[in-house]
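To keep things clear, I will list the structure first and then write my remarks on it.
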Amino acid sequence: MDRGTDRAEQGTATEPAEPGRVPLAVVVVDRDGLVSHWSRGARRLFGTPKEEAIGRTALDLLPVSGALPEEQDTPYAAFDGLGPDLESSLDGGLSYPAAGRARLTAPGDGRVDVLWWAYPLVGPGPERLLVLAADADGLRADGGAFERIAPGFALHTDFPGAEDLARRLPEILPSMSVGESARIVGQILELGYPVLEFSQNDRVPVTPDWGVARRAERKARRARAARALAAGEPVPEELRDEGEDLEYAAVRERLEFLNEVSGRIGTSLDLSRTIVEVSRAVVPRFTDVAGTYLREQVVAGEEFADGVPDTTTMWHRVAVEHTDEPGRWDDVVPVGEAMPFPAHTPFFQCMTSGEPVLVPRISEEMGHAIAAQFEKRDIRPLITGRSMLVVPLKARNVVLGFMILLRHPERPVFNDMDRVTGAELAARAGLVLDNARMYTFQENVAETLQDSMLPHIPPRMAGCDIATRYLPGTQLGRVGGDWFDAVKLHGGRTAFVVGDVMGHGLNSAAMMGQLRTAVQTMAGLDLPPAQLLRNLDDLAQRLGDTYLATCLYAVYDPIASELHLANAGHIPPVLVRAADGRSELLDLPTGAPIGVGGVPFEAVRVRVEPGDRLVMCTDGLVEVRGEDIGVGLATLCESAAHPAASMDDACDTIIRALNTRGGRKDDVALLMARLGGIEPDDVAAWRLALDPAEVSRARAAVREQLHDWGLPKLVAPAELMVGELVTNAVRHSHARPVELRLVRGDTLLCEVDDDDHELPTLLNAGPLDEAGRGLRVVSTLSREWGTSRTTTGKTVWFELTLPRR
């Protein structure tokens, strides 16, 4: 940490410093108040060796307190009064930077005047305080302007003004560029502890000027130390500082590499892209080959059981990056292959221990053992003789995968420092991969949840064709509150609904699910549109006032050729007329959104013709931030009127016209229905008196009508079921005649109306029971049946499947 300081520390504290060079003492105090770092400058200034200082209480080693009021006119007096005494910082009494000037007693030299700076440290490590100190006499001897004296460093701290300090680094160190300053600050934030670093020209923060001759001499000394280290020889005493500088340079290089890798990975939450980034970040600078393996559940974005992997765990090879000739690895170790790993391999050791495994050179024997896993492929030429490092990719102490790193034989083998670097690299990559994995998992959950809440509407219902589209919102709002639905009603009618719960996220989706279920239930009760919205608003009030929703509800009667609509704060629907291709926004009473409470809803009836198209959507399709919604509605009308070969093509035309505009962040629900209608010739109706003799007339009428429609195969079951239903209706009706209706559409629909409001229920009738057998017969023979209340009584109906022609 104090490598820059050590380059500046020459001589002793009592020696006159060279012009422009002021030694700095660097001390780090941990959270227990004990010294955890003691530089050579600290030894020279305070007189205590490093081995005696480490682990001792800082207050015992730094007896500095109080300023020197009699010297307030000195050039460095500006530092006096900037903060309390150093003792307040050492005992944890201050949480902000402080500086001052104090006097201590040095062995053999009497009093020593000291300038000091104390900086609280914030980060994951145990360090709590950074203390820098300098001999004030050295500053006095050097002369010059001292009003800008400050140590040149950056640190990870949250005290007010920290960002300003980072911006002033180039000012404190005049030779440092803005880019270098940003790199140092970025390194600090990454590592979580301060880095004392001067410029590459060995300048300290006191003066910027160094001589060219001095730099050339220093360069030559470093070269001699490097040759000694490379030859494995002891570094001469006079060059020992240079050898330590080289070690610091190696550490710095590793830190810079890790910083560079950290900046290159994790640019996206896409799992596949993240995998490629991790592999390419280490080749060729750190290794020549990088193969990445992940658990199959990680690749699939799924959860997996807790516990240590075993020999049955499947690992997918997701990336192979190398510097060999193209294609050399592709056939032998193809990406996408899944395989387990035996217990005797270094890969198994890595994945089960969660620690890096270093193999300096892969021997012939080990190469053969590894190659045995690959059927009909000889991998030995690719790996034998190479240095190998296997590092685990883990997060939250769970191994997600591992990386196999290989170096060419002519390259230096992986060493212990590489092992540490690889472990740090893998730890960062593991966190990035885990973030991408969790994001993918959450995306899958969100999509599954949204899909489960959206209905699967058949493309054809009674008298109409239907097409729908749903588009999720932005990446931050994949789950939303938009929905659509189509509900089958008795009498061949269909209810269309589109709604939008305001907001995004799981809470909105959950609210949407409750409202959609409520609409389906109330539609099944055949409530009029205005009454349905009234009941839905009451339900929303009971659920809470947190959310509001808009809703558009329409009932299509294909026999009457009519739409019955009510609106609760939703954008109006578009009706495209088949006769002339003209489109229009239907003028409906807007109404208040669901959840406002106490607001009446109105319904209107609109005549339609066969071939007309109804388009209903949510505002996410037509509304763009910064643009009037009228522009989107006009585009909707224009695109809806565009001729299309099919309903799906028509929906796609609308989506292309509106979704290509920038700025859409909301989800979109779109429902389109072609209103085909039912021809009058396909409907037959009779009124029956409240006389048991009418039952036989009803059977005869049904038999004759089915023969006229060419449906003789349906005569027998239809006669039997009509007889049962008419018998019940005649028996329970009060005054109004019974009505019988047959409708030939996609199915044969039979309805029996009477004025009794009590709905019949399906019973388990015994052999001797007189009641309950009629509905049992209907339930057994019909494709579908049901009952519903009407304004004048009830309707009991059944459907039969039309025979294939």
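- Annotation: F341 is not in aromatic contact with F348 [ring centroid separation under 6.0 Å not met].
- Side-chain contact check for I370 versus I383: some heavy-atom pair is nearer than 4.5 Å.
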Applying side-chain contact (heavy atoms from CB on, under 4.5 Å), run through R407 and V413 and close with a yes or a no. CA-CA 7 Å; R407 282 182 178 175; V413 300; over 6 Å; no
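- P356 and A423 make their closest contact through CG-CB, 3.6 Å (heavy atoms, listed as atom of the first residue, atom of the second, distance).
- Interatomic distance, SG of C350 versus CG of L358, reported as 11.5 Å (0.5 Å rounding).
- For the pair S353 (side chain) and Q349 (backbone), a donor-acceptor distance under 3.5 Å is present.
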One pair to check against side-chain contact (heavy atoms from CB on, under 4.5 Å): V390 and L405. What are the steps and the verdict? CA-CA 6 Å; V390 186; L405 309 177; over 6 Å; no
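- Side-chain contact between R56 and W38: absent, with no pair of heavy atoms (C-beta onward) separated by less than 4.5 Å.
- Taking CZ from R428 and CG from L393, the interatomic distance works out to 14.0 Å, rounded to the nearest 0.5 Å.
- Between A42 and V27, the shortest heavy-atom distance links the atoms CB-CG2, 3.9 Å.
- In this structure, the separation between NE2 on H322 and CG on L406 is 11.5 Å, given to the nearest 0.5 Å.
- In the model, T323 has a side-chain atom that pairs as donor or acceptor with a side-chain atom of H408 under 3.5 Å.
- If you take NZ on K394 and CE on M351, they are separated by 14.0 Å, rounding to the nearest 0.5 Å.
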Test side-chain contact (heavy atoms from CB on, under 4.5 Å) on T292 and F402; report intermediate values, then the result. CA-CA 6 Å; T292 306; F402 57 90; over 6 Å; no
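- Here the shortest heavy-atom pairing between R328 and P381 reads NH2-O, 3.6 Å.
- To the nearest 0.5 Å, atom CG of residue D324 and atom CG of residue D288 are 7.5 Å apart.
- Between the side chain of N435 and the main chain of V432, no donor-acceptor pair closer than 3.5 Å is present.
- For the atom pair OG (S36) and CD1 (I54), the distance works out to 6.5 Å, reported to the nearest 0.5 Å.
- A donor-acceptor contact shorter than 3.5 Å links the side chain of S363 to the backbone of M366.
- Looking at R386, its side chain does come within 3.5 Å of a backbone N or O of L382 through a donor-acceptor pair.
- Contacts of D434 classified as side chain to side chain donor-acceptor pair (under 3.5 Å), with partners at least two apart in sequence or in another chain: R396, R437.
- Atom CD of E365 sits in a sparse spot, with 12 or fewer heavy atoms from other residues, nucleotides or ligands closer than 6.0 Å.
- Shortest non-hydrogen contact noted between A290 and M403 is CB-CE, 4.1 Å.
- Under the 3.5 Å distance criterion, the side-chain polar atoms of D30 are matched with a main-chain donor or acceptor of L34.
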Decide yes or no on side-chain contact (heavy atoms from CB on, under 4.5 Å) for D667 and Y470, but give the supporting numbers first. CA-CA 8 Å; D667 48 343; Y470 177 80; 3.0 Å; yes
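- A donor-acceptor distance shorter than 3.5 angstrom exists from the side chain of R295 to the backbone of V399, with no hydrogens or angles considered.
- For E51, the CD atom is densely surrounded, since the number of other residues' heavy atoms within 6.0 Å is greater than 12.
- By the 4.5 Å heavy-atom criterion applied to side chains, E321 and R280 are counted as neighbours.
- Across every non-hydrogen atom of V320 and V333, the tightest pair is CG2-O, 3.9 Å.
- Residues D378 and A371 approach most closely at OD1-CB, 4.4 Å, considering heavy atoms.
- Within the 4.5 Å cutoff, no side-chain heavy atoms of E355 are placed close to those of P392.
- Using a distance-only test at 3.5 Å, with no hydrogens or angles considered, a donor-acceptor pair links the side chain of T384 to the main chain of R380.
- Counting only residues at least two apart or in different chains, side chain to side chain donor-acceptor pair (under 3.5 Å) contacts with residues 307-318 comprise Y293-R317, D310-T312, D310-T313, R317-E337.
- Residue pairs meeting the ring-ring contact (aromatic ring centres under 6.0 Å, His included) criterion with at least one member in residues 413-433, sequence neighbours excluded: F286-F414.
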